[in-house]
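Notes to accompany the following structure.
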Amino acid sequence: MAAADVMLPDNANLRAPVPPKSSNKQKTIKLDPLRALEPARKKLTTVEAQRVLAVLEDTKKKVELVTLFPLVVQSLHRFRTVLGTELTLLFERHSSIMDSYDELNTNIHELIERKRKKQAESSLHDDSNMDVFGDRPGSGTSDKSTGSVNNKIESTLRSLELVQQQMYHSCKDILRGFSFNPPAATAILSALGDRSTQSKTFITGLSQLKDILLEKLLTTPNEETEKIKYLQQITQQERYNSSVIEKLEVELKAATDEKEKEISIKNEVIRGLESDIRQINRFSDDHINRTKSDAEKQETADEKNSEGKKQKLQAEMNTLTTQLQNLVSEHRDSEQKLRQKKFKIETEVENWITKYDIDIGDKQDKYEEVDSEYTKEKKLLTELEERFKTLETEYMQIMEERRIAREKREAAERELQMMIKAATTIQAFWRSYKVRKALKSKKGKGKKGKGKGKKK
């Protein structure tokens, strides 16, 4: 029975309990219920917060690129022009590393499965051949085979760790290459959008983490305190509402029980009325049968009377038919004239239709000629636009290659200038060193000559 259909008694006590009043007079928190948990600020004001958010956005972009690396490797021939020589070589190296990783991963799974099977077989064999003293014959052979498998697993795991390190460094190199070639990253992201379910889940988690982090960075300590107070008020109100609901449910149950008693009494009254209705229906059926028999008798008498009326009406109909034939003969001439006039009008209409068809045919021919010329010109325009797009792509590629060559040439010239300057400086120091050395040697010889003169 629905709650909406229950009629509460007049003496039902439905007064809701008064919510508890807090003894401490606290300041009320004036928050919009729809925007209570949203921060007041909409932009980050501190440099540190902006840097944190920028790092997370950069991480998300790199994850989006890394999750597309397997698809790029599969379709590397499509993106050779966009990626360039350096990125293409990096992706080819990454492809070989991925193949090695897949191969080692397959081998490690096969070895683990082989080890599990051998352990199961050895356990069954040992249980069947166990002697009385609890010794296990043949366990040495099984231990040797298990040990060889374990050695293979360990060596494969070491190789797998090395390949994982290579893949890690390869991903870093490719991301570094994309940082120097942003158009290539944009083209990859726009051309390849189908990722695995795990990748999509991870990227969605990063987006949610970004939103949560942005909300945390935008929230001030005062706003955080106000939110906590607001949530505490909501919790207290929820507890109070729960107690009110429990009391109202008890009262509703009592009212429902009382209403069900009233309904049972009314159902007894309805059963009595239904028995009275059945008795009335029996009496009415007898009355209907008597009325039906009287009606059949009256219908038979009416049929007899209608035969005489039918003969009278037939005579009148014959008279009227004769009058109709006379009128048709009288109006036949006027009908002939009207037919001739109609034929003349139809002939004129056909002539006008023929003339209209001829004019429309000429105009349709002209329209088809104009439409064919327009189609040819449109096709020519499309071909020219496609050629222009191809030429524009080649032009941008040539300009990019020239720019790279010019930068390399400028770097080489700067390096040559630095080498020339360094060589000039070295030569100058060397010349000054030689001059100082020559001057020192001359001074030494002069002192020796003076000393000899004194001795004489």
Can you measure from CG (Leu175) to SG (Cys171) and round to the nearest 0.5 angstrom? 6.5 Å
Any side-chain heavy atom of Leu324 sitting closer than 4.5 Å to one from Leu320? no
CE of Met167 to CD1 of Ile174, rounded to nearest 0.5 Å, is 10.0 Å
I'd like to check Tyr168 versus Lys172 (side-chain heavy atoms, cut-off strictly below 4.5 Å). Are they in contact? yes
Just so I know, are the side chains of Glu86 and Asn181 near enough to count as touching, which here means a heavy-atom distance under 4.5 Å? no
Tell me, with the steps shown, if Thr88 and Glu92 meet side chain to side chain contact (heavy atoms under 4.5 Å, CB included). CA-CA 6 Å; Thr88 303; Glu92 290 176 352; 3.9 Å; yes
Backbone of Phe91 reached by a side-chain donor or acceptor of Ser95 within 3.5 Å: no
Before accepting this row, confirm whether a basic side-chain N of the pair Arg282/Asp285 lies closer than 4.0 Å to the acidic partner's carboxylate O. no
Is the shortest side-chain N to carboxylate O distance from Asp359 to Lys355 below 4.0 Å? no
Taking atom CD1 of Ile353 and atom CD1 of Ile360, what is their separation to the nearest 0.5 Å? 12.5 Å
Salt bridge check: are Lys61 and Glu57 linked by an N-O gap of less than 4.0 Å? no
How far does CG of Leu90 sit from OG1 of Thr85, to the nearest 0.5 angstrom? 11.0 Å
Side chain to side chain, Pro183 and Thr186, heavy atoms closer than 4.5 Å: no
Are Val328 and Gln325 side-chain neighbours, meaning at least one heavy-atom pair lies under 4.5 Å? no
Full working for side chain to side chain contact (heavy atoms under 4.5 Å, CB included) between Ile228 and Thr225: CA-CA 5 Å; Ile228 293 171; Thr225 305; 5.7 Å; no
Could you check whether any side-chain heavy atom of Val47 comes within less than 4.5 Å of a side-chain heavy atom of Arg51, counting everything from C-beta outward? yes
Nearest 0.5 Å please: distance from the NZ atom of Lys247 over to the OG atom of Ser242. 12.0 Å
Show, in sequence, the C-alpha distance, side-chain angles and deciding distance for Arg271 and Glu274, and conclude whether the salt bridge (charged side-chain N to carboxylate O under 4.0 Å, His left out) test is met. CA-CA 5 Å; Arg271 291 191 190 95; Glu274 285 178 349; over 6 Å; no
State whether the number of non-hydrogen atoms from other residues, nucleotides or ligands found under 6.0 Å of Glu368 atom CD is greater than 12. yes
Thr390 and side-chain contact (heavy atoms from CB on, under 4.5 Å): which single residue from Arg387, Glu394, Glu392 fits? Glu394
Chi angles and distances behind the side chain to side chain contact (heavy atoms under 4.5 Å, CB included) call for Glu385, Phe388: CA-CA 5 Å; Glu385 286 178 352; Phe388 176 73; 5.5 Å; no
So, for Ser275 and Gly272, which heavy atoms are closest and what is the spacing to 0.1 Å? OG-O, 2.5 Å
Can you name the closest pair of heavy atoms from Ile153 and Lys115 and give their distance? CD1-CD, 4.0 Å
Using only heavy-atom distances, determine whether the side chains of His109 and Asn105 contain a donor-acceptor pair under 3.5 Å. yes
Heavy-atom pair of closest approach, residues Lys210 and Leu56: CA-CD2, 3.3 Å
Phe202 pairs by side-chain contact (heavy atoms from CB on, under 4.5 Å) with which of Val63, Thr67, Thr197? Val63
Less than 4.5 Å apart, side chain to side chain, heavy atoms only: is that true for Ser264 and Glu268? no
With side chain to side chain contact (heavy atoms under 4.5 Å, CB included) as the criterion, how do Arg339 and Glu335 come out once you've worked through the C-alpha distance, each side chain's angles and the decisive distance to 0.1 Å? CA-CA 6 Å; Arg339 286 180 181 277; Glu335 183 183 357; 2.9 Å; yes
Hey, could you give me the CZ/CD distance between Phe343 and Glu346, rounded to the nearest 0.5 Å? 8.0 Å
Heavy-atom pair with the smallest gap, counting every atom of Ala184 and Leu87: CB-CD1, 4.2 Å
Considering only distance and modelled atom types, tabulate donor-acceptor pairs under 3.5 Å from the side chains of residues 154-165, sequence neighbours left out.
unit_1	atom_1	unit_2	atom_2	d
Ser155	OG	Asn151	O	3.2
Ser155	OG	Lys152	O	2.8
Thr156	OG1	Lys152	O	2.6
Ser159	OG	Ser155	O	3.0

N-O pairing of Lys259 and Glu262 below 4.0 Å: yes
Please give me the minimum heavy-atom distance between Asp173 and Arg93, naming the atom from each residue. OD2-NH1, 4.0 Å
Glu386 and Lys389 ion-paired at < 4.0 Å: no
Could you check whether any side-chain N or O of Asp58 sits under 3.5 Å from a backbone N or O of Ala54, counting only pairs where one atom can act as donor and the other as acceptor? no
